[in-house]
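Take a look at this one; I'll ask things after.
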Amino acid sequence: MRLRNIPEARDVIAATELVIKEAEKYKGHWQDFWENDKPLHIEVGMGKGQFMMGMAAAHPEINYIGIEMYSSVLLRAIQKLEKDPLPNLRFLQIDAKDIEEYFEEGEVNKLYLNFSDPWPKDRHAKRRLPSRQFLARFGHIIKKDSVIEFKTDNRGLFDFAVEEVEPAGWEILEITYDLHHDEKMNAGNIMTEYEEKFSAKGNPIYKYIIRQK
Ligand code: SAM
């Protein structure tokens, strides 16, 4: 998702407490940022934050960080969170390829990827968030035995993601090719903005849950 450049976005991001500043200094001790030791769940590529806001409202026992690299998109998430404040949700503006600079090994308890950009050209495969290159980065920061949950309506991207799991050293715990008609996997599902948009058009939603071997 890229929105038209909004000149004021940078100023709003710089001024708001909802976006974590100097986040590198919390690497290894995110409890100091939250001033509690609740588990930490993150969404990489959160867009305008609908999923993160739904999750944070439903699970006050968890701390959430929504990661988004584009200022214009992040601005929309900030505006929403300002309207409906949630003490257990904050945002981080980084490119996910640098994620290991911000989280220590095993520090993240769960990681969500939702409707990640497909990067359809083969030569861009390593930019796809469920690629083996990104799974290696995520594998360092996520706690052993913790999971990544990935949803998309893009069959090509999902097939690619499934093929990446084994060679990246992960295993599929659960998988569905029609999330909204899978009673077990859909229990407690919070819809993302893209999920609402594409399921309304009749597209099935694909989802896997994977864990490191
Ligand atoms: N997750 C949301 C949803 O399901 O509605 C948004 C999906 S949108 C297609 C993907 C988002 O991921 C975009 O806002 C994009 O800017 C962000 N993104 C893509 N690659 C990223 C990266 N390397 N680091 C941080 N954000 C990224």
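Residue indices begin at 1 and follow the sequence shown. In listed order, ligands and their atoms are each counted from 1. Because only heavy atoms are used, hydrogens play no part in the values below, and waters and symmetry mates are left out as well, while side chains stay in.
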Over 60° means perpendicular and under 30° means parallel, so tell me whether Phe115 and Tyr194 are parallel, tilted or perpendicular.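 If you compare the ring of Phe115 with that of Tyr194, the planes turn out tilted.
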Per-atom contacts, ligand 1 versus Asp117 - under 4.0 Å to a heavy atom: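 Heavy-atom distances to Asp117 below 4.0 Å select 9 (C), 10 (C), 15 (C), 19 (C).
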Kindly say whether the aromatic ring centers of Tyr26 and Phe103 come within a distance under 6.0 Å.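 Not close enough - the centres of the two rings lie 6.0 Å or further apart.
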I'd like to check which ligand 1 atoms, numbered from 1 as shown, lie under 4.0 Å from a non-hydrogen atom of Phe115.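 Ligand 1 atoms under the 4.0 Å threshold to Phe115: 4 (O), 7 (C), 8 (S), 9 (C), 10 (C).
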So does Lys110 pair up with Glu149, basic N to acidic O under 4.0 Å?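 Here Lys110 pairs with Glu149 in a salt bridge, since their nearest N and O are under 4.0 Å apart.
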With atoms numbered from 1 as shown, which atoms in ligand 1 lie under 4.0 angstrom from a non-hydrogen atom of Glu193?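 Contacts of ligand 1 toward Glu193, numbered from 1: 5 (O).
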Quick one: does Thr16's side chain have a donor or acceptor within less than 3.5 Å of a partner on Val12's backbone?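 Here the side-chain-to-backbone pair does not exist.
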Can you list the atoms of ligand 1 that are under 4.0 Å from a heavy atom of Ile94?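 Checking each atom against Ile94, I get 24 (N), 25 (C).
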Based purely on interatomic distance, does Glu43 place a nitrogen or oxygen under 3.5 Å from a nitrogen or oxygen of ligand 1?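 Yes; at least one N/O pair falls below 3.5 Å.
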Can an N or O of Gly45 be found at a distance shorter than 3.5 Å from an N or O of ligand 1?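 Yes, Gly45 has an N/O under 3.5 Å of an N/O on ligand 1.
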Give yes or no for whether the N/O distance cutoff of 3.5 Å, strictly under, is met between Val44 and ligand 1.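 Val44 vs ligand 1: no N/O contact under 3.5 Å.
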For Tyr194, which part has a heavy atom under 4.0 Å from ligand 1: side chain, backbone, both, or neither?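 The part of Tyr194 near ligand 1 is both the backbone and the side chain.
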Is it possible for you to say whether Tyr206 and Tyr208 belong to one hydrophobic cluster, with membership spreading through side-chain heavy-atom contacts below 4.5 Å?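 In one cluster with Tyr206: Tyr208, yes.
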For Tyr70, atoms of ligand 1 separated by under 4.0 Å from a heavy atom: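 Under 4.0 Å from Tyr70, ligand 1 has these atoms: 16 (O).
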Salt bridge or not between Lys213 and Glu166? Use side-chain N to carboxylate O under 4.0 Å.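 Yes, this pair counts.
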Verify side chain to side chain donor-acceptor pair (under 3.5 Å) between Gln212 and Glu171, making sure each step is shown before the conclusion. CA-CA 6 Å; Gln212 284 183 94; Glu171 61 184 341; over 6 Å; no
Asp95, any N or O under 3.5 Å of ligand 1 N or O: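 Between Asp95 and ligand 1 (N or O atoms, distance only) the closest approach is under 3.5 Å.
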For ligand 1, which atoms sit closer than 4.0 Å to a heavy atom of Met46?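 It comes down to these atoms of ligand 1: 1 (N), 2 (C), 6 (C).
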Hey, does Ser116 come in under 3.5 Å of ligand 1, counting only N/O atoms on both sides?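 N/O-N/O distance under 3.5 Å: no.
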Could you tell me whether the side chain of Asn88 and the main chain of Ile62 form a donor-acceptor pair under 3.5 Å?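 It does hold such a pair.
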Should the proximity of Glu195 to ligand 1, defined as any heavy atom under 4.0 Å, be assigned to the side chain, the backbone, both, or neither?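 Within the 4.0 Å criterion, Glu195 makes no contact with ligand 1.
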Criterion ring-ring contact (aromatic ring centres under 6.0 Å, His included) on Phe150 and Tyr112, from CA distance to verdict: CA-CA 6 Å; Phe150 170 52; Tyr112 294 97; over 10 Å; no
